[in-house]
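The block underneath contains the structure these notes are about, expressed in structure tokens.
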2 protein chains.
Amino acid sequence: MTSTSRPEDEHPTDPVGFESHDHASCIAAAIAEAEAHCAREGLRFTPVRRKALEILLREHRALGAYEMLDALREAGFGSQPPVAYRALEFLVGNGFAHKIERLNAFIACAHPGAHHSPAFMICRACDSVAEAQATPARGALGAAARAAGFQIERTVVEAEGLCPTCSDKADT
Amino acid sequence: MTSTSRPEDEHPTDPVGFESHDHASCIAAAIAEAEAHCAREGLRFTPVRRKALEILLREHRALGAYEMLDALREAGFGSQPPVAYRALEFLVGNGFAHKIERLNAFIACAHPGAHHSPAFMICRACDSVAEAQATPARGALGAAARAAGFQIERTVVEAEGLCPTCSDKADT
DNA sequence: ACACGAACTGTTATAATATGACAAGCACCT
DNA sequence: AGGTGCTTGTCATATTATAACAGTTCGTGT
């Protein structure tokens, strides 16, 4: 990358999602971070995996596996479903992307590097998705899990509703 | 039903799920409640819908749509996917059942009648599911939504981990 | 440099999950 | 009886996902 990536990242707890970004720099930064992380961990950030992450970052929305497959094929990679699913599995498994269960779709992680419990806000009108941080173990769910003796390893937290833009349109 | 449904319902916030129940009475109570609710709301609690709810209650676990379809077919109903999906859509839409997004499966509601934001604990070893109450709008997610101007209409909260039983086995 | 094992890629084939569309039936209203 | 809308059953198809295997590449030990 040509400059240190510092778009307007003043608020680290920002939802990061229903606003516009400096895409070019955030893509470059995220790729660089993924590369560094893989180097540290001995993971292989192969061309198809890198391309898949680039595609997710560039689209900046939740992509179905077959949309990813189309994009990868256009980029010269294999054209069968496992190509996409395997790249996505790698990205999700290493925290570079998340699966949105509600949409059966995948999106680049907005807070890469940080160990986190992501939460998503999904607009039912335009399907845009924003990532936020959840603290699921702290609320009622955490209490219920402790009471039941359930050991939480991972959480899926997805809110469905209207994003600001679509909400404004609906008012009209 | 033959008696007022009061198994050991002392703790309304109970996880209700990794313990044994009086199935016969809880099934009868839930069916009666659904029937009453439909009567009040002018909904048609038709044979296939009733049967589908009975099946979910009897199995007391998350069932895939095709498992439901098999069970409905055995009960003499139609044998094509829309039969199951439509019955499930009715049950979910009216709060008698929930979809577990993580499993692409459906489970009877453990707190029927109450307007609630369900949360689920899913055991990754035995696929058992317990329902708890979440208060997603109150935690970090709610704060992020307010900050972003996102209007939450519905939430999916699913925790994956080990249930007490499987956790004990793992220790051995 | 070379052999080895592990991981990765691409492929074929198939499984599992889900929906669109249409005709026939039934419930309710007039 | 006739009309309206919801429900059911069916056929057909779309969408999402995985199993299995052969060939290749990568890193390692020699």
Side-chain angles (χ1 to χ4, degrees), chain A residues 34-35 38-53 55-56 61-94 96-107 122 124 127 156 158, chain B residues 34-35 38-53 55-56 62-94 96-107 124 127 156 158:
Chain A
E35 188 151 11
C38 288
R40 275 196 306 278
E41 305 283 327
L43 301 166
R44 291 166 61 182
F45 197 46
T46 61
V48 66
R49 292 168 177 177
R50 169 189 297 260
K51 192 67 187 180
L53 181 53
I55 290 162
L56 286 182
R61 65 190 177 93
L63 285 186
Y66 282 72
E67 288 182 278
M68 173 60 75
L69 180 56
D70 288 344
L72 289 174
R73 179 175 38 230
E74 279 171 23
F77 295 95
S79 59
Q80 299 303 317
V83 169
Y85 281 101
R86 285 193 291 229
L88 289 166
E89 182 182 29
F90 174 86
L91 297 178
V92 170
N94 292 287
F96 305 134
H98 301 290
K99 180 170 188 182
I100 309 295
E101 298 289 342
R102 193 69 214 298
L103 302 177
N104 293 320
F106 301 84
I107 193 165
I122 307 167
R124 67 167 159 79
D127 274 359
V156 172
E158 298 173 1
Chain B
E35 187 151 11
C38 288
R40 275 196 306 277
E41 304 283 328
L43 301 167
R44 290 166 61 183
F45 197 47
T46 61
V48 65
R49 292 168 177 177
R50 169 188 297 259
K51 192 68 188 179
L53 181 53
I55 290 163
L56 286 182
L63 285 187
Y66 282 72
E67 288 182 279
M68 173 60 75
L69 180 57
D70 288 345
L72 289 174
R73 178 176 38 228
E74 279 172 22
F77 296 95
S79 60
Q80 299 301 316
V83 170
Y85 281 101
R86 285 192 293 229
L88 290 166
E89 181 182 28
F90 175 86
L91 296 177
V92 170
N94 292 288
F96 305 135
H98 302 291
K99 179 170 189 182
I100 310 295
E101 298 289 342
R102 193 69 213 299
L103 302 177
N104 293 319
F106 302 82
I107 194 165
R124 68 168 158 79
D127 274 359
V156 171
E158 298 173 1

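Per chain, numbering begins at 1; letters A, B, ... match sequence-line order. Quick caveat: nothing in here was measured; it's all calculated off a predicted structure.
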Original post:
Taking atom P of D:dA17 as reference, at what distance in whole Å does atom CD of B:Glu101 sit?
Top reply: 12 Å
**OP:** Mind telling me whether A:Phe96 and A:Phe90 have parallel, tilted or perpendicular rings, with 30° and 60° as the class edges?
**Re:** tilted
Original post:
Just how far, in rounded Å, is P of C:dG10 from NZ of A:Lys51?
Top reply: 14 Å
Subject >> Sidechain-backbone polar pair: B:Glu158 side chain, B:Glu101 backbone, donor-acceptor under 3.5 Å >> reply: yes
**OP:** Using only side-chain N and O atoms of A:Asn104, determine if any of them is under 4.0 Å from OP1 or OP2 of C:dT17.
**Re:** no
Subject >> B:Arg44 or A:Leu103, whichever maps to the more 5' nucleotide of DNA chain D >> reply: B:Arg44
Original post:
Would you say the side-chain atoms of A:Glu67 pair up with the backbone N or O of A:Gly64, donor to acceptor, closer than 3.5 Å?
Top reply: yes
Original post:
In terms of side-chain heavy atoms of A:Val48, which of C:dT9, C:dA21, C:dA27 is nearest?
Top reply: C:dT9
**OP:** For the side chain of B:Arg86, starting at C-beta, report the closest nucleotide among C:dG10, C:dA21, D:dC26.
**Re:** C:dA21
Subject >> Given C:dG10, D:dG9, C:dT11, the nucleotide with the shortest approach to the side chain of A:Pro82 >> reply: C:dT11
Original post:
Starting at CD1 of A:Ile100 and ending at P of D:dT16, how long is that distance when rounded to a whole Å?
Top reply: 14 Å
Original post:
Does the aromatic ring of A:Tyr66 sit over the six-membered base ring of D:dT16, closer than 5.5 Å centre to centre and tilted less than 30°?
Top reply: yes
**OP:** Check every atom of C:dT11, D:dT10, C:dC8 against the side chain of A:Thr46 and return the nucleotide holding the closest atom.
**Re:** C:dC8
Original post:
Using a cut-off of 4.0 Å on non-hydrogen atoms, how would the nucleic acid contact of B:Arg49 be classed: base, sugar-phosphate, or nothing?
Top reply: sugar-phosphate
Original post:
Are OP1 or OP2 of D:dT18 and a side-chain N or O of A:Tyr85 less than 4.0 angstrom apart?
Top reply: no
Subject >> Interatomic spacing from CG in B:Leu56 to CG in B:Leu88 - rounded to 0.5 Å >> reply: 6.0 Å
**OP:** Round to the nearest Å and state the distance from B:Glu89 atom CD to C:dT17 atom C1'.
**Re:** 15 Å
Original post:
Can you tell me how far P of D:dT8 sits from CZ of B:Arg73, to the nearest Å?
Top reply: 17 Å
Original post:
Can you check whether B:Val48 reaches B:Lys51 side chain to side chain, under 4.5 Å on heavy atoms?
Top reply: no
Original post:
Please give, in whole Å, the distance from C:dC8 C1' to A:Gln80 CD?
Top reply: 17 Å
**OP:** Write down the distance between CG (A:Leu88) and P (C:dC8), rounded to a whole number of angstrom.
**Re:** 15 Å
Original post:
Closer than 4.0 Å, any side-chain N/O of A:Lys99 to the OP1 or OP2 of D:dA17?
Top reply: yes
Subject >> Value in whole Å for how far the C1' atom of D:dG9 lies from CZ of B:Phe90 >> reply: 18 Å
